[in-house]
Amino acid sequence: MKIAFLTPEYPHAKTGNAGGIGTSIKTLAKALVGDGNEVTILVYGQKKDDQFIDDGITIRQIKNIKIKGFSWFFTRMKIRKIINRLYSSGEIDLAEAPDLDRNHIIHQYKMPNNH
């Protein structure tokens, strides 16, 4: 299975500091990769758009779009576009976002959802 996690943090020198959510996602992702799954972590709020591999996990850094008063909205639209592209191309089968992150509530994705 090809699984994506959407998060504002991930514990790696390239993505900045991380707390409990980022650490939990990394631990789960490593276990999933160990079981033969493909895992992509989508880390938003980054200084640049980039991609790298960490312990067999694909990390995609997503830079926020800066438009005064509209940054939040346009960044979420960018995230939606990335997730839809990954799903449509077969790079992911499903995406998970923490409940505290409302990205999955306000946008419609091409993949089935359960919220």
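Please read these numbers as outputs of a predicted model, since none were measured by experiment.
- Using a 4.5 Å cut-off on side-chain heavy atoms (C-beta onward), Glu96 and Leu6 make no contact.
- A salt bridge links Lys26 with Asp54: the closest approach of a Lys/Arg side-chain nitrogen to an acidic carboxylate oxygen falls below 4.0 angstrom.
- By the 4.5 Å heavy-atom criterion applied to side chains, Ile82 and Ile62 are counted as neighbours.
- Thr40 places no side-chain N or O within donor-acceptor distance of the main-chain N or O of Ala4, the cut-off being under 3.5 Å.
- In terms of modelled atom types and a separation under 3.5 Å, the side chain of Lys2 and the main chain of Gly90 share a donor-acceptor contact.
- Using modelled atom types, one finds no donor on one side chain facing an acceptor on the other under 3.5 Å when comparing Glu9 with Thr7.
- In plain terms, the two heavy atoms of Gly56 and Val33 that are nearest each other are O-CG2, 3.9 Å.
- For the atom pair CG of Leu86 and CG of Leu94, the computed distance is 12.0 Å after rounding to the nearest 0.5 Å.
- Note that NZ of Lys78 is 7.5 Å distant from NZ of Lys63, once rounded to the nearest 0.5 Å.
- Residues Leu42 and Ile79 have side chains not in contact (no heavy-atom distance under 4.5 Å, counting atoms from C-beta outward).
- With rounding to the nearest 0.5 Å, the separation of CD1 in Ile57 from NZ in Lys30 is 7.0 Å.
- By the 6.0 Å and 45° rule, Arg60 does not stack over the aromatic ring of Tyr44.
- Taking CZ from Arg76 and CZ from Arg80, the interatomic distance works out to 13.5 Å, rounded to the nearest 0.5 Å.
- Taking CD of Gln61 as the start and CD1 of Ile41 as the end, the distance is 12.5 Å to the nearest 0.5 Å.
- The backbone N or O of Met1 sits nowhere less than 3.5 Å from a side-chain atom of Asp93 that would complete a donor-acceptor pair.
- Going from atom OG of Ser88 over to atom CD1 of Ile83 covers 11.5 Å, rounded to the nearest 0.5 Å.
- Annotation for Thr75 and Ile65: closest pair OG1-N, 2.9 Å, computed over non-hydrogen atoms.
- Of the possible polar contacts, none joining the Thr23 side chain to the Gly20 backbone as a donor-acceptor pair under 3.5 Å is found.
- Inter-residue side-chain proximity for Val43 and Gln46 is flagged as met; some heavy-atom pair is nearer than 4.5 Å.
- Side chain of Asn64 to backbone of Gly45: a donor-acceptor contact under 3.5 angstrom is found.
- Closest approach of Ala18 and Gly22 over heavy atoms only: CB-CA, 4.5 Å.
- Heavy atoms from other residues, nucleotides or ligands lying under 6.0 Å from CZ of Phe52 number more than 12.
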